[in-house]
Every structure is written in structure tokens, then in C-alpha cells.
Protein chains: 2
Amino acid sequence: MSKKSAAASDTETRATSEHAPDLRLWLRTLACTNLIENHIRSRLRAEFGITLPRFDLMAQLERSPQGLKMGELSKRMMVTGGNVTGITDQLVAEGLVVREDSPKDRRAYIVKLTGEGRRSFRKMAEAHETWVVELFAGMDEKQRGQLYELLAALKRSASMAAGKKLE
Amino acid sequence: MSKKSAAASDTETRATSEHAPDLRLWLRTLACTNLIENHIRSRLRAEFGITLPRFDLMAQLERSPQGLKMGELSKRMMVTGGNVTGITDQLVAEGLVVREDSPKDRRAYIVKLTGEGRRSFRKMAEAHETWVVELFAGMDEKQRGQLYELLAALKRSASMAAGKKLE
DNA sequence: TTTTGATATTTTAGGCGTCGATATATTAAC
DNA sequence: GTTAATATATCGACGCCTAAAATATCAAAA
């Protein structure tokens with residue numbers, strides 16, 4: 001119940017007393033992401049009739065014209081392999097993506113955008129980028145730059161903490 | 001192809017040329033959130049056998065001991081009403097939460113934590129907070145403070161752009 | 001060669017999440 | 001008071017997502 005222990009490195013006090021600021025920081029991060037993600041999700045649906053996960057998968061492929069293996073997609077999208085299987089199935093059925101057999105490894109597929117997929121994606125990506133710009137437009141250049149750097153620090157911090165439990 | 005138009009407020013150039021930085025900023029934000037959220041999700045599951053959405057709903061109720069209506073929960077959790085119905089059903093079945101009829105409005109329920117729910121939540125919340133502290137521990141105090149303020153600015157910016165006037 | 005272990009993907013079961021539709025209750029208009 | 005518009009919550013269909021198990025291939029050791 002001490003009001004303020006000036007030189008405190010009281011490692012026993014790691015309960016809910018002095019750490020609430022980190023919690024609030026995390027909740028605010030989450031709120032921002034949800035706000036933006038929900039907005040983008042509904043606009044993609046309303047204006048292009050596509051889901052956010054399908055758009056994201058296509059975005060990964062557009063950045064890698066040589067195609068990507070299912071496992072690569074899984075890593076980059078930060079979702080499980082089974083999930084990628086389902087999303088890919090849908091995109092294949094829509095003709096936006098193809099599964100090609102890997103010449104090097106018969107277990108693996110190489111997923112690529114089709115011509116139609118690429119055309120379709122480019123159109124959506126342009127609108128998508130406009131929306132993102134709008135969403136960040138209330139911050140000035142300097143703020144955006146600082147945020148970008150601080151998020152790099154957060155990524156390092158969280159990767160470290162999450163990564164070295166069991167490896 | 002002008003290299004640099006110094007006093008440029010060239011509103012026609014809102015394509016994919018100069019706006020990529022905002023996209024990268026958004027993708028980095030998303031990556032951080034996913035990293036942290038996935039970590040917390042799996043630890044909640046592994047150590048307490050609970051899902052993140054159920055934990056989140058209980059967290060809202062713990063902050064509002066008088067209970068919350070379904071619609072309030074929906075707003076605060078930033079998910080749809082139908083979703084809250086399902087999560088609440090599960091928590092009721094586990095005895096962690098109750099639905100009470102609202103005395104003021106016979107359409108509405110007031111959802112509250114049970115005694116067991118409160119006890120159970122407090123235990124999990126303590127661990128949860130420790131994990132969050134760990135995840136942010138690689139940033140110093142000043143960085144966390146700056147990030148907190150910049151995210152407030154982002155929240156304002158995105159809320160504005162997404163079309164939230166008054167609340 | 002056969003076994004062993006790791007890797008790549010799919011499958012299955014169950015929970016989360018949206019949207020749109022419905023049932024019911026409240027509020028406002030007339 | 002009846003009607004109409006709005007608000008609260010649930011349901012059904014469908015897609016996303018995870019964890020765990022199953023299938024198939026590769027690579028290397030016995």
C-alpha cells in the first residue's frame with residue numbers, strides 16, 4: 001500500500017498494482033487494430049464482394065510473383081496451415097488463384113495468382129490503399145513516422161518474449 | 001513523373017505512388033497485434049483452458065460489477081450482437097456468468113459474473129497481466145508512453161475517417 | 001533397404017465472427 | 001388506442017480460425 005517507493009525495483013510487486021499501464025496500452029493497441037480492420041473488412045465486402053482473408057492471401061501472392069508454398073503463406077499471414085488450405089480452396093474455385101505442383105518437392109504446392117486474380121487484385125488494392133490513407137490521415141507525418149518506429153520496437157519486444165519460451 | 005513538387009497538394013496523385021508508407025504502417029500495426037494476440041490466446045488455452053473471447057467478455061463484466069446489457073457488451077467488445085449471444089451461452093453453461101432480466105426493459109438482459117466467475121477471472125487476469133507486461137518489457141518507459149499517446153491519435157484519426165461522429 | 005524422423009499439406013471437430021432475418025418489446029405519431 | 005418506426009436480442013447460414021490427427025513425401029541413418 002506504499003504510496004510511492006522512489007527507488008523501487010520491487011520484483012515481488014508484479015501483481016495488478018503497477019502494471020496496469022501496460023494493460024491499457026495493449027487494450028488501446030487492440031482497439032485501434034479492430035477499428036481499422038472492421039472498417040476495411042466491411043468495405044471490401046460492400047464494394048468488391050470479397051473477404052479480408054482472401055484479399056490478404058492475394059496480397060501476399062502479388063508481392064511474390066514466383067508464387068508461394070502453402071506453408072510460406074501460413075507463416076506470412078500468421079495463421080495456421082489448415083486455415084490457408086480453406087482460403088486457397090475458395091480462391092481456386094473462384095479462378096483467382098492456382099495450385100501448381102512443386103517440381104522440387106512432391107509434397108508441396110506453389111500457389112500463384114491467375115491473370116484474372118492479378119487484374120482483380122490490382123483494382124481492389126488501389127481502393128484499399130486509399131482507405132488506409134484516409135484512416136491514418138488524422139495523424140501528421142511526424143506522428144506516423146514515430147509510430148512506425150515504436151511499432152518496430154514493440155515487434156522486437158513481443159517476438160522476444162513470445163519466442164524464447166520453448167524453442 | 002515530377003521528382004518533387006515542393007508545394008504539392010496534388011489531390012490527383014492519391015494512387016499507389018506516395019502512399020505506400022501508410023500501408024506499411026498499417027501492416028506493421030496488424031503484425032504486432034496478431035503476434036501478441038496469438039500468444040495470449042494460446043497461453044490462455046494452455047494454462048486455463050479458456051478461449052480469448054470468453055476471457056474478454058468476463059473482463060468487461062469485471063469492470064462493470066452492476067452488469068452489462070448484451071448490446072453494451074457488443075459495443076465494448078467491438079463484435080456483433082449475434083456473436084455475444086453465442087459467447088454468453090457458453091459462459092452461462094459453464095456457470096461463470098448469468099443472464100438476469102432487466103427490470104426496466106423486458107427486451108433486455110443484464111449479464112453479470114457469478115461468484116465463481118469472478119473468482120476464476122481474477123486468477124486468470126493476474127497471469128494475463130503478467131504476460132502482457134512481459135510482451136512489452138523490451139520497450140522502455142518513455143517508448144511505451146509515446147506509443148500510448150500515438151495510438152490515441154490513431155484512434156481519433158481512424159474513428160473520424162470511419163465515420164463516427166458523436167457517441 | 002528399411003527404418004526413423006522431420007516436413008508439407010489436408011482433414012476433422014469445435015468455437016468465433018459476420019450478415020441478414022425473425023420475434024418481441026419500446027417509443028413515437030397520429 | 002392503433003399504427004408505424006425503432007431498439008434488443010436470438011437464430012441460421014456461412015466463412016474464418018485453431019488445435020490435433022491423418023496422409024504423404026523427403027532425407028538421412030542403421
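Please read these numbers as outputs of a predicted model, since none were measured by experiment. By convention in this document, chain letters (A, B, ...) are assigned in the order of the sequence lines, proteins followed by strands, and residues within each chain are numbered from 1.
Listed in residue order, the members of residues 85-105 of chain B having a heavy atom less than 4.0 Å from DNA chain D are B:Thr85, B:Arg99. Within residues 50-80 of chain A, the residues having any heavy atom closer than 4.0 Å to DNA chain C are, in order of number, A:Lys69, A:Met70, A:Gly71.
Taking atom CZ of residue A:Arg106 and atom C1' of nucleotide D:dA27, one finds them 14 Å apart after rounding to whole Å. Rounded to whole Å, atom P of D:dA24 lies 11 Å from atom OH of A:Tyr109. A:Asn83 places its CG atom 16 Å from the P atom of D:dA20, with the value rounded to the nearest Å.
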Listing, residues 78-91 of chain A side-chain donor-acceptor contacts under 3.5 Å, not counting sequence neighbours, or none:
from, atom 1, to, atom 2, distance (Å)
A:Thr85, OG1, A:Gly81, O, 3.3
A:Thr88, OG1, A:Val84, O, 2.8
A:Asp89, OD1, A:Arg99, NH2, 2.1

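Listed for the A:Ser159 side chain is a donor-acceptor partner under 3.5 Å among the backbone atoms of A:Lys155.
Aromatic pair B:Phe55/B:Phe121: ring centres closer than 6.0 Å.
When DNA chain C is scanned in the 5' to 3' direction for atoms under 4.0 Å from non-hydrogen atoms of chain B, the outermost contacting nucleotides are C:dG15 to C:dT26.
Listed here is the closest heavy atom pair of A:Met77 and A:Pro53: CE-O, 3.7 Å. Of all non-hydrogen atoms in B:Leu113 and B:Arg118, the two that sit nearest each other are O-NH2, 3.8 Å. When all heavy atoms of B:Leu150 and A:Met139 are compared, the closest pair comes out as O-CE, 3.7 Å.
A:Glu72 and A:Lys69 are not joined by a salt bridge, as no carboxylate oxygen comes within less than 4.0 angstrom of a charged side-chain nitrogen. Between A:Glu126 and A:Arg122, no side-chain nitrogen of the basic residue sits less than 4.0 Å from a carboxylate oxygen of the acidic one, so the salt-bridge criterion is not met. A salt bridge is absent between A:Asp140 and A:Lys142: the closest approach of a Lys/Arg side-chain nitrogen to an acidic carboxylate oxygen does not fall below 4.0 angstrom.
More than 12 heavy-atom neighbours from other residues, nucleotides or ligands sit within 6.0 angstrom of CD on A:Gln66.
Residues satisfying the salt bridge (Lys or Arg N to Asp or Glu O under 4.0 Å) test with A:Glu116, not counting sequence neighbours, are none.
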- request: Verify side chain to side chain contact (heavy atoms under 4.5 Å, CB included) between B:Ile40 and B:Leu52, making sure each step is shown before the conclusion.
  value: CA-CA 8 Å; B:Ile40 291 177; B:Leu52 182 51; 4.2 Å; yes
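Between A:Arg45 and A:Gly81, the residue anchored nearer the 5' end of DNA chain C, judged by the nucleotide with its closest heavy atom, is A:Gly81.
Geometric assessment of B:Arg28 against the ring of A:Tyr148 yields a positive cation-pi assignment under the 6.0 Å and 45° thresholds.
With hydrogens and angles left out, the side chain of B:Arg107 and the base of D:dT8 share no donor-acceptor pair within 3.5 Å.
Comparing the helix axis at one end of the helix from C:dT1-D:dA30 to C:dC30-D:dG1 with that at the other, each defined from 5 consecutive pairs, gives an inter-axis angle of 0° (nearest 10°).
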